[in-house]
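Please read all numbers here as calculations on a predicted model, not as lab measurements. Atoms within a ligand are numbered from 1 in the order they appear, just like the ligands themselves. Heads up: numbering here begins at 1 and tracks the sequence.
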Amino acid sequence: MQKIRNIAVIAHVDHGKTTLVDGLLKQSGTYGSHEQVNERAMDSNALEKERGITILSKNTAIRFGDHKINVIDTPGHADFGGEVERVLKMVDGALILVDAYEGVMPQTKFVVKKMLALGLKPIVVINKIDKPSADPERVVDEVFDLFVAMDATEDQLDFPIVYAAARDGMAKLNMSDPDGDFTCLFNTILEKVPEPTGDPENPTQLQVFTLDYDNYVGKIGIARIFNGRIAKGDNILLAKADGEMVKGKISKLIGFMGLNRMEIQEAEAGDIVAVAGIETVDVGDTICDPQNPMPLDPMHIEEPTLTVVFSVNDSPLAGQEGKHVTANKIRERLDSEMNTNVAMRYETVGEGKFIVSGRGELQITILAENMRREGFEFGIGRPEVIVKEIEGVKCEPFEHLVVDLPSDNAGTIIERLGRRKAEMKAMVPMGEGFTRVEFEIPARGLIGFRGQFLTDTKGEGVMNHSFLEFRPYTGNVESRQYGALISMEDGVALAYSLFNLQDRGVLFTAPQTKVYKGMIIGEHSRSNDLDVNPIKGKAQSNVRSSGADEAIKLVPPRDMNLERALEWIEDDELLEVTPISIRIRKRWLDPSDRKRYGAKK
Ligand SMILES: Nc1nc2c(ncn2[C@@H]2O[C@H](COP(=O)(O)OP(=O)(O)OP(=O)(O)O)[C@@H](O)[C@H]2O)c(=O)[nH]1
Ligand SMILES: [Mg+2]
């Protein structure tokens, strides 16, 4: 039997998980000397690279001496917390990274709680100790306090600590030690992480924790072998969460080494492999021995907390920029998303309308962003939180929110959040004129807050939140304070008219952009909506003088990317998303329809 260790790398967003895995891969000699390794190699899909975040957890196998270490890199963003929870069930130990300056953050708490509950013994890695503002001792204290607060056992409290600068491939066991490489980290892993339990001689049991899709072999399940053996060509029984048993055959068995996947013939208890050939495979399913099926406990799949309506684009400019525009195409795409993304759901509501639910705005924005890159064109509405009844009480999701901001801004932000029904829980100075304030807030109160927060803190504030629990509904929260500047004409926006409009508020539209009646071209500086004409030329004459247009000094428009636009819109507004543009519009394009709707509201 080969010597194996299975670990997950968990942390708050950006604390350096993927960078640490790079270092483990490089320093283990898993790569051949000819292989070129990119930075954050595990963040392999386009959006991950572009945004510098991990979206999907991914596993790699690393050779160290005569051991194989299976490492699962997890996403740190709160929207993907459910995935981390599942991954933790697949491993026997975890590396918890904590940024040596930022310290314990909302998602650190979330992952520590899950890890402790599963009885795992962690290795704490204090990362980024190279930062000038790093304060490793304070952060170790914070981690210790967190473990105590979360009822860690004596054993768990006795955690090993490794100090690291993952980016530089540096690690050491004491701050007073000279800088070393990752050898001490590897040794700590081999020493402190228990060997996998399970026996190759027992009946086969694999549990699937992630799904993948391949055009040639179809759906792929990535699974941990808890007992027994599995080989290519094996007949198996798939035990589903609802107790149903489905017959299947392993058409392909895939092993991991470094960044490569290769076909293998056989694997046994303790290892992590990918299997193809079972079309109905889902996350949490157990692959069992048909002679002696013993299903493992199904996994907890997190419930969605947010919904967004996707719809066929029906704006006057519809169909001009996208390849896939019909309800059928959108439905097919949503179907294929749900095939591999267990945290999302959708239902069809009426002609060309789909309610998509997920764990947070980022998850939904990523789907929308992927779709526009694939050539889709569609509309999306304002995100709404899911309200549900628990024991007869109307409940809504609450979030734990932490803001780090210049101390001078704390008063303003506390007051603003108060109006959004946030309750302040703690306030601590962070040094260098910064303060950290913690809140509990209904998720509804957070929608649209980020833009305001960045304005109030002049871009210096950082906010982080993660799901807490469902709690009784809190009543109305304050929403956007400013109205919209709405085009009253179809045509092309002209610099001359935009110039005359720019002291009415903040414009989103640049000259020479196509506009239509009902499209929103900016944010009004007052609370009411205002219909404006952005296409009016200079004089009464028919001749447009482009020379005069060029001389006009325009404030650059505010760049409304998908996230910002989605946070900004209100109930009676929509985003029109195409591969080329993100336009904001009123649901009712005609001003008189809008009045009627407004009166009803
Ligand atoms: N100064 C410093 N920066 C680091 C160190 N390790 C990582 N970083 C930087 O921190 C940023 C985030 O690193 P990632 O490895 O993507 O963090 P992550 O935890 O995987 O992030 P998510 O997957 O999005 O949760 C990158 O810009 C890294 O270069 C370090 O030791 N020191
Ligand atoms: Mg990452």
Does [X] come within less than 4.0 Å of [Y], counting only side-chain N to carboxylate O?
X    : Y    : result
D212 : K58  : no
K425 : E423 : yes
D271 : R224 : no
K49  : D43  : no
K421 : E440 : no

For [atom], which candidate among [options] provides the closest heavy atom?
atom                    : options         : value
atom 17 (O) of ligand 1 : G169, A171, G16 : G16
atom 20 (O) of ligand 1 : T18, V9, L20    : T18
atom 14 (P) of ligand 1 : T19, I55, I53   : T19

Residue, atom name and distance, where the atom is the protein heavy atom closest to [atom]:
atom                    : answer
atom 16 (O) of ligand 1 : R40 CD, 2.9 Å
atom 18 (P) of ligand 1 : K17 N, 3.4 Å
atom 31 (O) of ligand 1 : A166 N, 2.9 Å
atom 23 (O) of ligand 1 : T54 OG1, 2.6 Å
atom 12 (C) of ligand 1 : D14 OD1, 3.4 Å
atom 29 (O) of ligand 1 : R167 CD, 3.7 Å
atom 10 (O) of ligand 1 : K128 NZ, 3.0 Å

Is there at least one pair of N or O atoms, one from [X] and one from ligand 1, spaced under 3.5 Å apart?
X    : answer
D43  : no
P75  : no
D130 : yes

